[in-house]
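First the proteins, then the strands, lettered A, B, ... as listed; each starts at 1. All of these numbers come straight from a predicted model, not from anything done at the bench.
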Amino acid sequence: MPELPEVETIRKSLSGSICGRKILNLRLTKPKLLRGQKVVKVKSRVINTKILAVDRRAKYLILRLNKGMLVLHLGMTGQIFVASENRMKNKNIFKLPDKHTHFQLELSGGKSLYFRDTRQFGRVRFLENHEEHDYFKNIGPEPLEKQFKSDYLYQSIKQRSTNLKAVLLNQKVVAGLGNIYVDEACHAARVSPLLSGKRISLSQARSLYRAIRNVLQKSIKYRGTSISDYRDPDNNQGGFQNRLQVYGRAGQKCKRCGSIIKKAVVAQRGTHWCAGCQK
DNA sequence: CGTATTGTTTTGCC
DNA sequence: GGGCAAAACAATAC
């Protein structure tokens, strides 16, 4: 369940730990991770390149190489760790690589980047520089950048007949939101996730716009939400799970109005909201 | 052992 | 063919 704040936390960490290192070797035990790209090709493109920068687009991590880039998506249970093997053995955590580690970059300086993913919904892809634009063409604006405007959000919601939950999960509308932050943003904006898109008001859309940015920024500040699998590259948990207002709080009292938080499946996702203060 | 978990792609209906 | 709903993928916790 790594969403924008978790991926951004990982990006910052990697930016400090792997930039400037050379990729000495690439190990891939689950070729399926490449979704059809050939292992031989990716290896030949990646080995002996240098990592220049680590960027993020939506929930994708981008390792920029001196030629081309590696794009990583963590799916639902994906984890990235950076460690030297000796240090991993000394720490009282699982040994890396283990049976769920499907991808490893051996880096100069004795460290490795490990991609671990129990559910295997994650993916890795090598892109040439000119392929980047096409790869992300169906992804909407970054919610924390200034190109993302409240009028755009209002129009995008209003033109759709699906419920708000489905609209906000749609990466084409806005990038990076997932199940947790859609529920949290709707609660912060006092809008029901069940509301039909075309019935949203301008003021509701404006509240939602502020709520989305606010919730994401706060979660980044607390280094993301660790419900079950999420860890940063140093195996630290995030801190935002202690500050969630609705997600995972079904049956408990709303911290704002005291009503009982509801939970139901909406747009095929477990959805949490307060019927007392979300209209 | 059945159920719940969820991001993205694919499939299929209207 | 757009828009939307639902299936498919996959492993683990309970």
Side-chain angles (χ1 to χ4, degrees), chain A residues 1-10 29-37 56-62 71-80 94 97-103 115-125 127 134-140 142-143 155-186 193-200 212 216 219 224-231 237-238 240-241 244 246-251 261-273:
Chain A
M1 312 184 304
E3 305 177 34
L4 187 152
E6 291 75 37
V7 180
E8 179 61 16
T9 303
I10 293 170
T29 50
K30 278 272 193 301
K32 193 185 70 171
L33 206 57
L34 293 176
R35 297 297 194 276
Q37 255 192 338
R56 179 189 57 74
R57 176 77 173 99
K59 302 171 192 170
Y60 293 84
L61 278 169
I62 303 172
V71 178
L72 283 59
H73 194 291
L74 301 178
M76 286 167 48
T77 56
Q79 302 169 314
I80 302 279
F94 55 85
D98 69 349
K99 72 164 178 170
H100 296 299
T101 307
H102 310 309
F103 175 87
F115 189 129
R116 191 173 179 276
D117 185 11
T118 54
R119 302 269 294 273
Q120 300 174 41
F121 278 18
R123 55 190 59 205
V124 172
R125 190 165 192 89
L127 296 182
D134 227 34
Y135 190 74
F136 293 118
K137 69 175 188 289
N138 290 326
I139 303 218
E142 284 292 324
Q155 296 300 336
S156 300
I157 296 170
K158 200 166 180 59
Q159 75 186 76
R160 283 162 223 256
S161 57
T162 42
N163 55 51
L164 197 51
K165 177 84 178 199
V167 176
L168 296 178
L169 284 173
N170 184 344
Q171 301 297 295
K172 194 164 188 171
V173 172
V174 51
L177 294 176
N179 205 33
I180 296 174
Y181 297 107
V182 168
D183 284 4
E184 291 298 311
C186 285
L194 287 78
L195 181 73
S196 165
K198 58 192 172 200
R199 298 176 69 98
I200 200 160
I212 288 168
L216 294 176
S219 181
T225 302
S226 291
I227 301 281
S228 52
D229 297 285
Y230 173 67
R231 298 293 183 277
Q237 293 204 15
F240 200 66
Q241 63 277 8
L244 296 173
V246 283
Y247 187 89
R249 298 193 66 246
I261 304 293
K262 293 192 170 186
K263 183 180 180 189
V265 174
V266 180
Q268 295 182 287
R269 293 291 177 262
T271 299
H272 314 70
W273 79 99

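- A:Lys165 places its NZ atom 16 Å from the C1' atom of C:dA6, with the value rounded to the nearest Å.
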What would the secondary structure line of DNA chain C be in dot-bracket form, counting Watson-Crick and G-U wobble pairs under 3.5 Å, with [ ] for pairs that cross earlier ones and | for pairs with another strand? .||||||||.||||

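- For A:His100 and C:dA10, the shortest distance from a side-chain N or O to OP1 or OP2 is not below 4.0 Å.
- Look at the P atom in both C:dT12 and B:dT9: the space between them is 24 Å, to the nearest Å.
- Atom CZ of residue A:Arg269 and atom CG of residue A:Leu169 lie 7.0 Å apart, to the nearest 0.5 angstrom.
- Remark: the A:Tyr230 side chain and the A:Glu3 side chain contain no N/O donor-acceptor pair separated by less than 3.5 Å.
- Remark: the separation of the P atoms in C:dA10 and B:dT11 is 14 Å, to the nearest Å.
- Between the side chains of A:Arg231 and A:Gln79, no donor N or O sits under 3.5 Å from an acceptor N or O.
- Checked by atom type, the side-chain pair A:Lys198/A:Gln159 shows no donor-acceptor distance below 3.5 Å.
- Spacing between atom CG of A:Asp229 and atom P of C:dA13 amounts to 9 Å, rounded to whole angstrom units.
- Regarding A:Asn138, its CG atom lies at a distance of 12 Å from the P atom of C:dG2, rounded to whole Å.
- Proximity of a side-chain donor or acceptor of A:Thr77 to a complementary backbone N or O of A:Arg119 within less than 3.5 Å is detected.
- In this structure, A:Tyr135 and A:Tyr60 have perpendicular ring planes: the angle between them is above 60°, well past the 30° mark.
- To the nearest angstrom, C1' of C:dC9 lies 14 Å from CG of A:Leu33.
- Using modelled atom types and a 3.5 Å distance limit, the side chains of A:Thr271 and A:Lys165 yield a donor-acceptor pair.
- Taking atom CZ on A:Arg35 and atom C1' on C:dC9, their separation rounds to 8 Å, with Å as the unit.
- When all heavy atoms of A:Pro143 and A:Leu4 are compared, the closest pair comes out as CG-CD1, 3.8 Å.
- Of the side-chain N and O atoms in A:Gln120, none sit less than 4.0 angstrom from OP1 or OP2 of C:dC9.
- Paired with A:Tyr181 under the rule side-chain contact (heavy atoms from CB on, under 4.5 Å), one option of A:Leu168, A:Thr225, A:Ile212 passes, and it is A:Thr225.
- Using a 4.0 Å heavy-atom distance criterion, A:Ser161 is classed as a sugar-phosphate-only contact.
- Nucleotide C:dG3 holds its P atom 8 Å from the CD atom of A:Gln159, rounded to whole Å.
- Between A:Lys198 and C:dC4, a side-chain N or O to OP1/OP2 separation shorter than 4.0 Å is absent.
- Contact annotation for A:Lys30: no contact, since no heavy-atom pair falls under 4.0 Å across all strands.
- Considering NE2 of A:His100 and NZ of A:Lys30, their distance stands at 9.0 Å, rounded to 0.5 Å.
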Write down the protein N/O and nucleotide N/O pairs, taken from nucleotides 6-10 of chain B, whose separation is under 3.5 Å; answer none if there are no such pairs.
from, atom 1, to, atom 2, distance (Å)
B:dT6, OP1, A:Asn179, ND2, 3.2
B:dT6, OP1, A:Tyr247, OH, 2.3
B:dG7, OP2, A:Asn179, N, 3.4
B:dG7, O3', A:His73, NE2, 3.3
B:dG7, N7, A:Arg269, NH2, 2.5
B:dT8, OP1, A:His73, NE2, 2.2
B:dT8, OP2, A:Lys59, NZ, 3.1
B:dT8, O4, A:Arg269, NH2, 3.3

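- Here the separation of C:dC14 from B:dG7, taken at their C1' atoms, is 23 Å to the nearest Å.
- B:dT6 sits 23 Å from C:dC4 when the P atoms are compared, rounded to a whole Å.
- Using a 4.0 Å heavy-atom criterion, one finds that A:Lys32 contacts the sugar-phosphate atoms exclusively.
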